[in-house]
Amino acid sequence: MTEVSAPLDVAHLRSWIGRQDTVDDLLTVDLVRKFRATFNQPGEVRVGDVAPQLIHFCLGQPSAPTASLGADGHPARGGFLPPVPLPRRMWAAGKLVFHGDLRVGDSVSRVSRIADVAVKEGRSGTLCFVTVEHDVLIGGDRRIEERQVIVYREPDAAAPSQPPSPVDPAPEGERQRRVEPTAALLFRYSAMTFNGHLIHYDRTYATQVEGYPGLVVHGPMQATMLLQLATELRGKAPAQFSFRSESPLFDSDPIVLHATDTAQGMSLWTTRENGPFAMRADAAWS
């Protein structure tokens, strides 16, 4: 299936810079229980408990009517985010500063602002980067400061059946953990984040329409696993965390989480077995 992208009106897209959006949500016992269960963290959950970091990715997500979704499962383009007419979309990077905890039972507000829209030419064609700044607030008090980069791109020029170019494997971390990216795990995370993108749970669409070899593992879920690993290894949640995606992971191979201590904190990354960097992250505790 060949997709044709409309020409980019860069000036029109950049007119979205400065737009703001505010959403409110309740951080419920039920959500925290399901979040912990998804990542195999059993235990009692009570109002007032400190909530897991990055659970705010599950809060205040767009709730477009099903009839208005596009063929890929995403809401129609436009609205708060600019209507970039490139068919492939992914969460490319994120940077977070944690100023305080979210707690179970909190009423959470997220104030978002379009900070930048930039168009570049890459090896795979035209790329459009949309940078969004978020403040996550409790009663007006900022608890999380976040900078999110979304990239839109053209379809891959290579045929789905064409083997990928060889790449060097990433190094092994001082500590490693393997995670099986089952279809159930990917579906649960999609459900919690109200993410309708079919590449994460519809194998026919992922392989036959977008040309992937399997279901695509969510970038934010990989980031969450890496942050959880950093917290477990250090015994304390980081004060700062950043991540960037470099290549996709699929449900056909186990995910390997890697961690190595650095002078600044901890360097983390995900790979498939003997594969290249998929996501790279850094955690800091000061």
Side-chain angles (χ1 to χ4, degrees), residues 25 27 31-43 45 48-60 91-104 106 108-112 115 131-138 141-150 170-179 185 189 192-193 217-246 249 255-271 277-286:
D25 206 345
L27 183 48
L31 175 61
V32 176
R33 186 184 296 120
K34 291 174 178 173
F35 186 91
R36 289 174 58 88
T38 298
F39 294 104
N40 296 309
Q41 298 175 340
V45 177
D49 288 350
V50 173
Q53 285 183 321
L54 302 191
I55 196 171
H56 72 283
F57 290 167
C58 305
L59 296 174
W91 191 332
K95 183 175 182 180
L96 302 104
V97 179
F98 300 97
H99 298 284
D101 296 322
L102 302 182
R103 292 185 177 272
V104 182
D106 279 343
V108 181
S109 296
R110 186 184 66 238
V111 180
S112 304
T131 302
V132 187
E133 295 175 342
H134 305 285
D135 283 329
V136 180
L137 312 170
I138 304 295
D141 179 34
R142 184 169 67 178
R143 302 295 174 87
I144 302 171
E145 181 181 354
E146 179 180 359
R147 188 174 180 88
Q148 174 189 11
V149 180
I150 304 166
E172 293 187 351
E174 294 172 352
R175 284 152 292 187
Q176 300 174 38
R177 176 168 300 165
R178 282 160 177 76
V179 177
L185 172 63
Y189 193 78
M192 285 194 303
T193 55
V217 179
H218 312 71
M221 186 173 73
Q222 293 180 56
T224 300
M225 291 177 176
L226 291 174
L227 187 147
Q228 290 173 346
L229 179 61
T231 300
E232 179 183 330
L233 293 175
R234 191 60 65 93
K236 181 180 179 182
Q240 299 179 48
F241 185 75
S242 61
F243 62 91
R244 65 185 185 277
S245 295
E246 297 198 0
L249 291 178
I255 301 170
V256 186
L257 311 178
H258 302 261
T260 294
D261 289 316
T262 66
Q264 295 74 34
M266 191 176 293
S267 178
L268 305 111
W269 60 97
T270 60
T271 66
F277 289 109
M279 174 170 287
R280 303 178 75 162
D282 292 290
W285 281 263
S286 61

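Keep in mind that what you see is a predicted model, and the values were worked out from it rather than measured. This chain uses plain numbering: 1 for the first residue, then up along the sequence. The figures here come from the full heavy-atom set of this structure, side chains too, leaving out hydrogens, waters and symmetry mates.
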Nearest heavy atoms of [X] and [Y], plus distance in Å:
X: M266; Y: A259; result: SD-CB, 4.0 Å
X: F39; Y: M225; result: CE2-CG, 3.9 Å
X: F241; Y: A283; result: CD1-CB, 4.0 Å
X: V256; Y: Q176; result: CG1-OE1, 3.8 Å
X: G265; Y: R234; result: O-NH2, 3.0 Å
X: Q228; Y: F35; result: NE2-CE2, 3.9 Å

Report all side-chain donor-acceptor pairs from residues 49-57 shorter than 3.5 Å, counting only partners two or more places apart or in another chain.
{"from": "D49", "atom 1": "OD2", "to": "R46", "atom 2": "N", "distance (Å)": "2.8"}
{"from": "Q53", "atom 1": "NE2", "to": "P238", "atom 2": "O", "distance (Å)": "3.2"}
{"from": "H56", "atom 1": "NE2", "to": "E146", "atom 2": "OE1", "distance (Å)": "2.9"}

Residues that [X] engages under salt bridge (charged side-chain N to carboxylate O under 4.0 Å, His left out), provided they are two or more places apart:
X: R175; answer: D261
X: R280; answer: E246
X: E232; answer: R177
X: D101; answer: none

What pairs with H258 under ring-ring contact (aromatic ring centres under 6.0 Å, His included), at least two apart in sequence or on another chain? W269
[atom2] on [Y] to [atom1] on [X], rounded to 0.5 Å:
X: S286; Y: Q240; atom1: OG; atom2: CD; value: 7.0 Å
X: D135; Y: S112; atom1: CG; atom2: OG; value: 8.5 Å
X: M192; Y: L59; atom1: CE; atom2: CG; value: 11.0 Å
X: H99; Y: I144; atom1: NE2; atom2: CD1; value: 9.5 Å
X: L268; Y: L257; atom1: CG; atom2: CG; value: 8.5 Å

Non-neighbouring partners of [X] that pass side-chain hydrogen bond (donor to acceptor under 3.5 Å, both in side chains), sequence neighbours left out:
X: K95; value: none
X: T38; value: none
X: D25; value: none
X: R143; value: D141

Tell me whether T260 contacts the main-chain N or O of E174 through its side chain, where contact means a donor paired with an acceptor under 3.5 Å. yes
With side-chain contact (heavy atoms from CB on, under 4.5 Å) as the test, would you mind laying out the steps for V108 and V136 before giving the verdict? CA-CA 7 Å; V108 181; V136 180; 3.5 Å; yes
Please name all residues satisfying side chain to side chain contact (heavy atoms under 4.5 Å, CB included) with T131, sequence neighbours left out, ordered by chain then number. A115, D116, R147, V149
Could you work out, with side chain to side chain contact (heavy atoms under 4.5 Å, CB included) as the rule, every residue matching A278, not counting sequence neighbours? Q222, S247, L249, T270
So, do [X] and [Y] sit near enough that their side-chain heavy atoms are less than 4.5 Å apart?
X: T193; Y: P220; result: no
X: R178; Y: I255; result: no
X: L185; Y: V217; result: no

